[in-house]
Amino acid sequence: MGFFDVILFPFKWVVSWILSIFHSFLSFLGLGYDSGWTWTLAIVLLVITIRTLLLPLFVRQIKSQRAMQAMQPEIKKLQQKYKGKKDQLSRQAMAMEQQALFKEHGTSPFSACLPMLVQMPFFFALYQVLNGASHAAANGENIAALSHEEISSFARSSIFGAQMQDTFLGSTGENLDWSVIIVAAVMIVLMSSSMFYMQRMLMSKNMTEAAMTGPFAQSQKLMLYVLPLVFAIGGINFPIGVLVYWTATNFWAVGQQFYIIRRNPAPGSQAERELNERRVAKGLEPIGKAAEEARAKAEAKANKPKGQRQQPVRKSRKKR
């Protein structure tokens, strides 16, 4: 067992145990034991379970992203301060001041990626479980918490004519199978496009104008284009079951992000302006940055010093 396998071992047990429970429960409800849709629903329920457990990390990610946006004007000032200075002392001083800013705002460049990093071991564990189903079924083996009977059931199951363990790449060439190719291609498109849409929604709706420039914006643009491309390329070697898992994960994340952006947008973002427009239409007071600006204007107006009362000027009488 290699180092990577040792790290994934506990995750494989967790993933396979949850899959086994949901598969048994759905079969008990009357869905077919060997049905691909039973396994598909079990994988979707696995996604819901993992994403629910990761909600605290998602909340932390939201707070970190907003802190990163709030500190962008200070980052720009810092960049202007050290613009053109390429000596070692200046670079060290700039790095120290950046670290102080991160500490002050309670965030770091990696906090926004934390949920993604935590999900990856579960993803790789599921990949190993599903990818090894065919070999385990043929040799009478178990895979972690999944029994040989369950592994054989998974290996036999299919949706739209494509078995859950099949891959796009493995169904081309001599082993041409159009059912697998079509199902896998559709899943890959859904997986990649939902990932792109999720990041695009974040950038267009929930980022301030100040945050749209600088290192933070560059990292967001990188995630916008690179991540969907990486998963689209890698998806050709993912089993159908893994594609179901990752597509369901992305759809959950899109819905979750849509809810957060609509109900609790970042201060100063386009989403906050749209929220205040809806509140004004309903006769409610604005919130967030708009509310702060309204209060500041009201206070400035109330504290404005009043000048002396101007005496009325009598009209000059007409000369006779």
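Computed over heavy atoms, backbone and side chain alike; hydrogens, waters and symmetry mates excluded.
- In this structure, the side chains of Trp13 and Ile143 stay at 4.5 Å or more apart for every pair of heavy atoms.
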Decide side chain to side chain contact (heavy atoms under 4.5 Å, CB included) for Trp37 and Ile159; before the verdict, give the C-alpha distance in whole Å, the side-chain angles of both, and the deciding distance to 0.1 Å. CA-CA 7 Å; Trp37 294 108; Ile159 54 173; 3.9 Å; yes
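- Residues Tyr197 and Val47 are members of separate hydrophobic clusters, defined by side-chain heavy-atom contacts under 4.5 angstrom among Ile, Leu, Val, Met, Phe, Trp and Tyr.
- At least one side-chain heavy atom of Leu224 sits less than 4.5 Å from a side-chain heavy atom of Met203.
- Crowding of Gln92 atom CD: a count of heavy atoms from other residues, nucleotides or ligands under 6.0 Å exceeding 12.
- Remark: the Arg51 side chain and the Gln119 side chain contain an N/O donor-acceptor pair separated by less than 3.5 Å.
- Across all non-hydrogen atoms, the minimal contact from Ser171 to Asp166 is OG-CB, 4.4 Å.
- Taking 4.5 Å as the limit, some side-chain heavy atom of Ile236 sits within range of a side-chain heavy atom of Ile188.
- Of the possible polar contacts, none joining the Ser269 side chain to the Pro265 backbone as a donor-acceptor pair under 3.5 Å is found.
- To the nearest 0.5 Å, the span separating CG on Leu202 from CD1 on Ile261 amounts to 5.5 Å.
- Within the 3.5 Å criterion, the main-chain N or O of Glu141 finds no donor-acceptor partner in the side chain of Asn139.
- The ring pair (Phe, Tyr, Trp, His ring centres under 6.0 Å) pairs that include a residue from residues 126-156 are Trp39-Phe154, where partners are two or more places apart or lie in different chains.
- Considering all non-hydrogen atoms of both residues, Glu97 and Lys81 come closest at OE2-NZ, 3.1 Å.
- Cluster annotation: Tyr259 is connected to Phe58 through the hydrophobic network of ILVMFWY side chains, with a link wherever side-chain heavy atoms come within less than 4.5 Å.
- Atoms CD1 and CD1, from Ile240 and Ile43 in turn, are 10.0 Å apart once rounded to the nearest 0.5 Å.
- Follow the hydrophobic side-chain contacts under 4.5 Å out from Leu169 and you reach Leu243 in the same cluster.
- Rounding to the nearest 0.5 angstrom, the gap separating the CD atom in Gln165 from the OG atom in Ser158 is 10.5 Å.
- Looking at Trp246, Phe124, Phe123, Phe168 one by one, the single match for ring-ring contact (aromatic ring centres under 6.0 Å, His included) with Phe238 turns out to be Phe123.
- A salt bridge is defined here as a Lys NZ or Arg NE, NH1 or NH2 lying under 4.0 Å from an Asp or Glu carboxylate O, and Glu274 with Arg262 fails to meet this definition.
- Checked by atom type, the side-chain pair Ser147/Asn142 shows no donor-acceptor distance below 3.5 Å.
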Evaluate the side chain to side chain contact (heavy atoms under 4.5 Å, CB included) criterion for residues Thr247 and Phe231: first the C-alpha distance (whole Å), next the side-chain angles of each, then the deciding distance (0.1 Å), finally the verdict. CA-CA 11 Å; Thr247 302; Phe231 275 86; over 6 Å; no
Stepwise side chain to side chain contact (heavy atoms under 4.5 Å, CB included) test for Leu126 and Leu19: CA-CA 10 Å; Leu126 181 67; Leu19 266 181; 3.8 Å; yes
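- Put simply, Trp17 and Val14 are part of the same group of oily side chains (I, L, V, M, F, W, Y) that touch within less than 4.5 Å, one to the next.
- No more than 12 heavy atoms of other residues, nucleotides or ligands lie within 6.0 Å of CD in Glu149, so this atom counts as exposed by the packing criterion.
- No continuous path of hydrophobic side-chain contacts links Phe251 to Phe22 [ILVMFWY only; heavy atoms under 4.5 Å].
- Counting all heavy atoms, side chain and backbone alike, Glu272 lies closest to Gly268 at OE1-N, 2.8 Å.
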Between Phe28 and Leu26, is a side chain to side chain contact (heavy atoms under 4.5 Å, CB included) present by the stated rule, with each step listed? CA-CA 5 Å; Phe28 174 77; Leu26 293 170; over 6 Å; no
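- One finds the OG1 atom of Thr40 at 10.5 Å from the CG atom of Leu31 (value rounded to the nearest 0.5 Å).
- The nearest pair of heavy atoms linking Gly235 to Met191 is CA-CE, 4.3 Å.
- Annotation: cation-pi pair Lys85/Tyr82 present, NZ/CZ under 6.0 Å from the ring centroid and within 45° of its normal.
- Taking CG from Asp5 and CZ from Phe9, the interatomic distance works out to 10.5 Å, rounded to the nearest 0.5 Å.
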Could you go step by step and tell me if Asp87 and Ser90 meet the side-chain hydrogen bond (donor to acceptor under 3.5 Å, both in side chains) rule? CA-CA 6 Å; Asp87 59 284; Ser90 296; 2.7 Å; yes
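- Annotation: Arg263, atom CZ; neighbour count of heavy atoms from other residues, nucleotides and ligands within 6.0 Å does not exceed 12.
- Taking both residues in full, the closest heavy atoms of Ser153 and Asp34 are given as OG-OD1, 2.8 Å, listed atom of the first, atom of the second, then distance.
- When all heavy atoms are compared, the tightest approach of Ser27 to Thr38 is OG-CG2, 4.0 Å.
- With hydrogens and angles disregarded, no donor-acceptor distance shorter than 3.5 Å links the side chain of Ser157 to the backbone of Gly36.
- Legend: residues meeting side chain to side chain contact (heavy atoms under 4.5 Å, CB included) with Ser20, ordered by chain and number and at least two apart, are Ser24, Leu146, Glu150.
- Going from atom CE of Met94 over to atom NZ of Lys86 covers 12.5 Å, rounded to the nearest 0.5 Å.
- Between the side chains of Arg273 and Gln270, at least one donor N or O lies within less than 3.5 Å of an accepting N or O.
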